[in-house]
Amino acid sequence: MFVEPPDFAALVAESDTIVRGTVTAVESRRVTNQAGFEVIRTYVTVMVEDAFKGTATHSLVLSLLGGRVGDDRMEVSGMPQFHVGDRDFLFVARNGEVLCPLIAAGHGRYPVVPSAVDHAAYVTRANHAPLRSTTQVITPLESDSINAQSSTDAQALSVDAFAAAIRAEVRLSGPARRALP
């Protein structure tokens, strides 16, 4: 799935909900879509630790197209995969209405990982390359995926620094503006 990466201001402005949280459950089920066809959707429950925008309070359940039920698997290329215990910043819009509720798929997910050096948490992109600046958000994920494995966490944004940048941008952007599907 090819998506146009947003810049940081658009990422924040187009989000209905922005949270930092921990994945507590991942469940795939067969459901009937609006066209009457049976599909598999995956429901990701996130315990909200910090809410920056929207109405999420204690938890948020993301609905993504695809998943595995028994021997049946439905895959959507480029769809983010979640696991219990994942800690992420999530930029969400139109949850339950679209294939992937994360803004620009992987561009709406920023994992939080502990530093190997000092165990302080820092932020990465969905491809696990350290996020060093909010200006990096617009860079296609594929362009820095080669460096993701060899990168260190030096100069990566801390959780607090990324949270502060989000709060500042939410104040500037105001209510969510809907991007076209």
Side-chain angles (χ1 to χ4, degrees), residues 1-26 42 44-54 56 58-60 62 64 76-93 95 100-174 176 179:
M1 156 179 16
F2 175 78
V3 294
E4 185 75 26
D7 65 15
F8 185 66
L11 180 69
V12 171
E14 292 173 10
S15 297
D16 297 331
T17 303
I18 304 171
V19 300
R20 178 176 55 86
T22 301
V23 174
T24 58
V26 178
T42 297
V44 179
T45 303
V46 178
M47 179 185 66
V48 174
E49 297 166 25
D50 203 352
F52 303 93
K53 187 176 184 181
H58 301 293
S59 68
L60 171 68
L62 301 174
L64 298 94
V76 178
S77 177
M79 186 68 68
Q81 301 294 309
F82 289 89
H83 305 282
V84 171
D86 288 350
R87 297 179 61 216
D88 298 283
F89 283 89
L90 302 169
F91 296 78
V92 180
N95 190 19
C100 179
L102 300 178
I103 299 291
H107 294 279
R109 181 182 189 192
Y110 292 84
V112 174
V113 297
S115 169
V117 177
D118 60 9
H119 303 289
Y122 68 98
V123 180
T124 71
R125 300 187 74 206
N127 62 4
H128 303 293
L131 181 66
R132 292 184 170 84
S133 165
T134 58
T135 60
Q136 191 180 356
V137 167
I138 197 168
T139 307
L141 290 168
E142 299 78 24
S143 69
D144 63 3
S145 62
I146 295 170
N147 299 324
Q149 299 295 351
S150 61
S151 286
T152 66
D153 56 6
Q155 298 177 345
L157 286 177
S158 69
V159 169
D160 291 341
F162 194 47
I166 294 167
R167 283 188 180 93
E169 192 61 42
V170 166
R171 283 192 297 275
L172 292 174
S173 70

Under a 4.5 Å cut-off applied to non-hydrogen side-chain atoms, are [X] and [Y] in contact?
| X | Y | value |
| --- | --- | --- |
| M79 | C100 | yes |
| L90 | L62 | yes |
| I166 | F89 | yes |
| T17 | F52 | no |
| E49 | T22 | yes |
| R125 | V137 | no |
| M47 | T24 | yes |
| V46 | S59 | no |

Exercise. Take Y122 and V159 through the side-chain contact (heavy atoms from CB on, under 4.5 Å) test and state the conclusion after the steps.
Key: CA-CA 5 Å; Y122 68 98; V159 169; over 6 Å; no

Taking only residues two or more places apart in sequence or in another chain, which ones pass side-chain hydrogen bond (donor to acceptor under 3.5 Å, both in side chains) with [X]?
| X | result |
| --- | --- |
| D50 | R167 |
| S158 | none |
| T42 | S28 |
| R87 | none |

Checking the side chain of [X] only, and the main-chain atoms of [Y] only, is there a donor and an acceptor separated by less than 3.5 Å?
| X | Y | answer |
| --- | --- | --- |
| D16 | V92 | no |
| Q136 | R132 | yes |
| K53 | S15 | yes |

Exercise. List in chain and number order the residues that pass side-chain contact (heavy atoms from CB on, under 4.5 Å) with A25, two or more places apart in sequence or in another chain; answer none if no residue qualifies.
Key: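 Residues passing side-chain contact (heavy atoms from CB on, under 4.5 Å) with A25: T45.
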
Calculate, to the nearest 0.5 Å, the distance between atoms [atom1] and [atom2] belonging to [X] and [Y] respectively.
| X | Y | atom1 | atom2 | result |
| --- | --- | --- | --- | --- |
| N127 | L141 | CG | CG | 5.0 Å |
| F91 | L11 | CZ | CG | 4.5 Å |
| T135 | D7 | OG1 | CG | 10.0 Å |

Sequence neighbours excluded and cut-off under 3.5 Å, please list the side-chain donor-acceptor pairs for residues 103-112, or say none.
residue : atom : partner : partner atom : Å
R109    : NE   : D88     : OD1          : 3.0
R109    : NH1  : Q81     : O            : 2.7
R109    : NH2  : D86     : OD2          : 2.8
R109    : NH2  : D88     : OD2          : 3.4
Y110    : OH   : H107    : O            : 2.9

